[in-house]
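In the text below, chain A, chain B and the rest are named by the order of the sequence lines, each starting its count at 1.
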There are 2 protein chains.
Amino acid sequence: MTKRKFLGEFEQVVLLAVIRMAGDGYGMAIRREIEERTGRGVSIGAIYATLERLEAKGYVGSRSGSPSPERGGRARRHFAISAEGRTALQRSRDMLGSMWDGVDLEQPDSEGQEVA
Amino acid sequence: MTKRKFLGEFEQVVLLAVIRMAGDGYGMAIRREIEERTGRGVSIGAIYATLERLEAKGYVGSRSGSPSPERGGRARRHFAISAEGRTALQRSRDMLGSMWDGVDLEQPDSEGQEVA
DNA sequence: GCCCGTAGTTCTATTTTGTAGAACAATTCC
DNA sequence: GGAATTGTTCTACAAAATAGAACTACGGGC
């Protein structure tokens, strides 16, 4: 179990959704947030699997919501980011950022070396 | 072979390195670029596997260098990004960007809902 | 022409992530 | 109790990430 230094692509997305929901996010809502914000369709299974992994790594914590919500349906499981989660996100952002630094996608490579 | 809509985390990094090297990047140099720029250690196998995948998806093209380089050692295989590669990079950047939008890592969640 | 060093790429194997959707669980309202 | 509703868990598999050993191809001496 070599500890990975950077978050996976989807892990980043999910973790950001968790932050956005300010500790009140839960599976279905997190999914909605991602879909609305990015237009990316995601299955519910993908969300939970990722959340599960993030929790195993200590990047998020979860607590189950009030047992009897006034609305029917099963209790929610709320997720909140941890300090380590924040750090991990920062690390990933900075790493990617350093690769993006100075890159301009509109322009072809300085030398015009593009390929078909 | 369901075509993925977004690049993987490492795919992004490698693709950015390819752009940076302006069409003259090759395995070992791409690796060096990533390590120097990000401090992230990467195995050579990881680089090639990823480059291979990017090529299969049409995001980069490759051509082998001059058969008789004035330096000894095997011929290089140069990689250059394609128009589709650029588009893919843009898509991934925008998607992630929309999730980052407005997020401030220094601040705990608006509600202070952090977890141990 | 054959070894040696050097520079590079391929190959093999395995773990971790990403993905989907069906199954299951818990609650309210009739 | 049964249906509707809301949500989570489970099962299965594909794709991406990762490492490092093996292999290839060249130049330079001798």
Distance-only donor-acceptor test (3.5 Å): side chain A:R31, base D:dG7: no
Residue whose nearest DNA chain C nucleotide is more 5′ - A:G45 or A:E9: A:E9
Nearest-neighbour nucleotide for the B:R32 side chain, C:dG8, D:dA16, D:dT18 considered: C:dG8
Validation row: A:I34, A:I47 side chains within 4.5 angstrom (heavy atoms): yes
Side-chain N,O (B:R40) to OP1/OP2 (D:dT18) below 4.0 Å: yes
Sugar-phosphate, base or nothing in reach of A:G8, heavy atoms under 4.0 Å: sugar-phosphate
Polar side-chain atom of A:R20 near backbone of B:V103 as donor-acceptor pair, under 3.5 Å: no
Nearest-nucleotide pick for B:A46, side chain only, options being D:dT18, D:dG7, C:dG18: D:dT18
5′-ward residue of the pair B:G41/A:F79 relative to DNA chain D: A:F79
Sugar-phosphate, base or nothing in reach of A:K5, heavy atoms under 4.0 Å: nothing
Distance in angstrom units between A:M28 CE and C:dC24 C1', rounded: 14 Å
Selection from C:dG18, D:dA17, D:dT9 that lies nearest to any side-chain heavy atom of A:R74: D:dT9
Spacing between B:E35 atom CD and D:dA19 atom C1', to the nearest angstrom: 13 Å
Under-4.0 Å side-chain N/O to phosphate OP1/OP2 contact, A:R71 with D:dG7: yes
Sugar-phosphate, base or nothing in reach of A:A75, heavy atoms under 4.0 Å: sugar-phosphate
Residue pair A:E9, A:R40: steps toward the salt bridge (charged side-chain N to carboxylate O under 4.0 Å, His left out) verdict: CA-CA 13 Å; A:E9 184 265 328; A:R40 174 183 194 170; 2.7 Å; yes
Separation of C:dT17 P from B:R4 CZ (nearest whole Å): 14 Å
Between D:dT18 (P) and A:L7 (CG): distance, integer Å: 12 Å
Pair A:R77 + A:E52: basic N to acidic O under 4.0 Å: yes
Contact nearer the 5' end of DNA chain C, comparing A:S43 with B:A29: B:A29
Touch class at under 4.0 angstrom, heavy-atom based, for B:E52 against every strand present: nothing
Protein-nucleotide distance (A:Q12, atom CD; C:dT17, atom C1'), rounded to Å: 12 Å
Rounded distance (Å) that lies between atom P of D:dC10 and atom CD1 of A:I47: 17 Å
Evaluation steps, side-chain contact (heavy atoms from CB on, under 4.5 Å), between B:E11 and B:K57: CA-CA 11 Å; B:E11 287 180 323; B:K57 294 180 192 165; 2.6 Å; yes
d(CG, B:L15; C1', D:dA17) in whole Å: 16 Å
A:I30 CD1 - D:dT6 P separation (whole Å): 18 Å
Check against salt bridge (charged side-chain N to carboxylate O under 4.0 Å, His left out), B:E33 and B:R37: CA-CA 6 Å; B:E33 169 79 1; B:R37 201 153 257 283; 3.4 Å; yes
Touch class at under 4.0 angstrom, heavy-atom based, for A:R53 against every strand present: base
Residue B:I44, side-chain atoms from C-beta onward, closest of D:dG20, C:dT17, C:dG8: D:dG20
